[in-house]
Amino acid sequence: MHPNAVSLRRPISARLGNHPLLLHSLLRREGSRSLAFPRSGSSLSMINGGEIVLRRCVSVKASDSLESGYGVEDAFVPAQEVKPRGFDLLMILKGANSVLPFVVALSTVLALVYPPSFTWFTTRYYAPALGFLMFAVGVNSSPKDFIEAIKRPGAIAAGYVGQYVIKPLFGYIFGTILVSVFHFPTSLGAGIMLVSCVSGAQLSNYATFLTDPDMAPLSIVMTALSTATAVFVTPALSLLLIGKKLPVDVKGMMSSITQIVIAPIVAGLLLNRFLPRVCTAIQPFLPPLSVFVTALCVGSPLAINIGSIISPFGVAIVLFIFGFHAASFIAGYVLTGFVFNQSADVKALQRTISFETGMQSSLLALALANKFFQDPLVGVPPAISVVLMSLMGFSLVMAWSKKQQHKC
């Protein structure tokens with residue numbers, strides 16, 4: 001149908017030729033100037049220039065529909081103006097993800113103003129919370145999606161380079177400038193470098209899922225690969241950049257990967273495959289729950305480490321961490337555009353690798369800082385990174401999602 005075609009709100013039929021007043025009303029409503037009437041048995045629609053013609057879609061036979069109280073004003077409206085009526089709770093629940101950036105921002109303010117509102121959500125809840133987000137992604141995916149993702153080794157390699165080459169480079173640059181140029185304590189520079197050495201964040205998978213759902217499996221494969229190899233790469237990078245080798249529990253990290261990423265996604269996939277009715281029933285409730293869980297994951301580290309963040313170094317570290325993440329997001333987006341400029345889905349791939357490069361497991365960096373560094377200042381940059389990374393990432397989700405909606 002032509003994009004300017006009109007559609008029936010209520011199925012009625014009439015002899016429009018015998019009702020000049022109705023025709024005048026329709027002409028006034030649609031801004032039409034002339035009429036062209038083929039033979040009866042055709043449907044009314046708009047064509048270029050505001051001209052109305054009858055096309056063969058709907059019968060135009062004599063009927064008593066006009067006598068029932070329906071007029072042309074109710075019957076014919078532009079197709080794009082037809083809107084569902086009533087209160088649709090399911091649609092509201094499914095659209096909860098659209099307010100995620102605002103919820104994250106509010107949780108940040110609340111954590112700063114009243115830390116006890118989040119301090120109850122301690123580090124022991126982080127793994128189950130991230131696992132729930134991965135379960136939500138799995139429910140909305142299928143095994144075929146992951147098979148197709150594995151068939152893109154070039155994109156996976158690009159995400160890996162962004163995670164373990166580009167990001168550590170920026171971490172070293174910003175950490176060195178902070179210490180050498182602005183003469184801040186070395187421990188703060190080490191904290192920024194430590195953030196750049198850890199693997200990708202599960203929140204990047206969720207951000208990709210909200211922006212480009214078809215790319216979520218590819219993002220998950222990228223994060224899983226960077227996380228699996230973090231047991232070797234993170235200690236090596238920390239030794240290279242910071243000069244301190246971090247002993248990492250290989251078995252413990254692999255167990256965490258299984259519990260946080262693999263098991264929840266597999267559970268969601270199996271539920272989608274074998275219990276589709278159950279899956280359909282719970283899907284509307286996953287977005288609001290995911291928003292709530294994400295807000296807790298952002299507000300908790302901020303509230304727990306509020307003392308360090310509002311220290312004399314806090315504001316300067318916020319600016320440097322912001323610059324570090326901004327550079328990583330931009331580099332991931334721009335470089336992907338150069339490398340995959342011939343790809344049909346280059347824009348979606350740019351957004352995916354931008355998330356993968358700009359977002360990393362700052363919670364892991366915070367845990368490593370608290371466990372292997374005696375100076376508590378090393379943990380300040382990772383704590384700030386958790387908050388800024390989430391705010392910046394989900395702000396991009398909101399911006400990119402709106403841009404795609406305008407194109408539709």
Side-chain angles (χ1 to χ4, degrees), residues 127 130-131 133-135 137-138 141-171 194-209 211-238 240 246 248-269 328-329 331-333 335-336 339-340 343 345 348-365 367-368 389 393:
L130 293 175
L133 294 180
M134 292 299 97
F135 172 76
V137 174
S141 305
S142 68
K144 183 180 178 181
D145 297 331
F146 290 92
I147 294 174
E148 292 298 322
I150 296 174
K151 293 180 180 179
R152 305 187 67 172
I156 295 174
Y160 195 84
V161 169
Q163 191 63 243
Y164 281 136
V165 177
I166 296 175
K167 184 165 60 65
L169 179 61
F170 283 129
L194 182 60
V195 170
S196 70
C197 293
V198 294
S199 58
Q202 281 74 36
L203 284 180
S204 68
N205 308 147
Y206 188 54
T208 300
F209 170 71
T211 308
D212 300 283
D214 294 340
M215 287 290 179
L218 180 62
S219 176
I220 292 170
V221 171
M222 292 178 183
T223 302
L225 180 61
S226 68
T227 306
T229 56
V231 295
F232 310 107
V233 179
T234 297
L237 286 174
S238 66
L240 177 64
L246 302 178
V248 180
D249 183 1
V250 177
K251 292 183 179 179
M253 182 169 285
M254 293 305 296
S255 175
S256 297
I257 296 171
T258 302
Q259 295 175 23
I260 297 175
V261 181
I262 299 177
I265 290 176
V266 171
L269 291 172
S328 300
F329 277 117
Y333 187 88
L335 294 179
T336 302
V339 177
F340 299 96
S343 178
D345 57 352
L349 192 58
Q350 284 181 277
R351 292 188 287 266
T352 300
I353 296 183
S354 177
F355 284 132
E356 198 66 24
T357 306
M359 305 178 75
Q360 64 285 317
S361 185
S362 300
L363 291 175
L364 175 59
L368 293 175
M389 173 195 70

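Small disclaimer: the values here were computed from a predicted structure and weren't measured. Just so you know, these numbers use all the heavy atoms, side chains as well, and skip hydrogens, waters and symmetry mates.
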TODO: Please round to the nearest 0.5 Å and tell me the distance separating atom OG of Ser226 and atom CD1 of Ile156.
DONE: 11.5 Å
Task: Pairwise distance OG1(Thr211) to CZ(Arg351) - rounded to 0.5 angstrom - done: 7.0 Å
TODO: Taking all heavy atoms of Gly154 and all of Phe340, pick out the closest pair and write down the distance.
DONE: O-CZ, 3.5 Å
Task: Minimum heavy-atom distance between Gly393 and Met359, given as atom pair plus value - done: CA-SD, 4.1 Å
Task: Heavy-atom check, side chain of Val221 versus side chain of Arg152, under 4.5 Å - done: no
Open item on the list: Please give me the minimum heavy-atom distance between Ser343 and Asp345, naming the atom from each residue.
Closed with: OG-OD1, 2.6 Å
Task: Nearest heavy atoms of Ala155 and Ile353, plus distance in Å - done: O-CD1, 4.0 Å
Task: Sequence-distant partners of Val233, side chain to side chain contact (heavy atoms under 4.5 Å, CB included), two or more places apart - done: Tyr160, Tyr164, Thr229, Leu237
- [ ] Would you check if the side chain of Thr234 reaches a backbone N or O of Cys197 as a donor-acceptor pair within less than 3.5 Å?
- [x] yes
Open item on the list: Looking at every heavy atom in both Gly159 and Met222, which two are closest together, and how far apart are they?
Closed with: CA-SD, 4.0 Å
TODO: Could you list the residues that satisfy side chain to side chain contact (heavy atoms under 4.5 Å, CB included) with Ser219, not counting sequence neighbours?
DONE: Ser204, Asn205, Thr208, Thr223, Thr352, Glu356
Open item on the list: Rounded at 0.5 Å granularity, tell me how far CG in Leu169 sits from OG in Ser328.
Closed with: 9.5 Å
Open item on the list: As a quick check of understanding, evaluate side chain to side chain contact (heavy atoms under 4.5 Å, CB included) for Lys167 and Gln360, giving each step before the final call.
Closed with: CA-CA 9 Å; Lys167 184 165 60 65; Gln360 64 285 317; 2.9 Å; yes
- [ ] Mind listing the closest non-hydrogen atom pair of Ser361 and Val198 along with its distance?
- [x] O-CG2, 3.4 Å
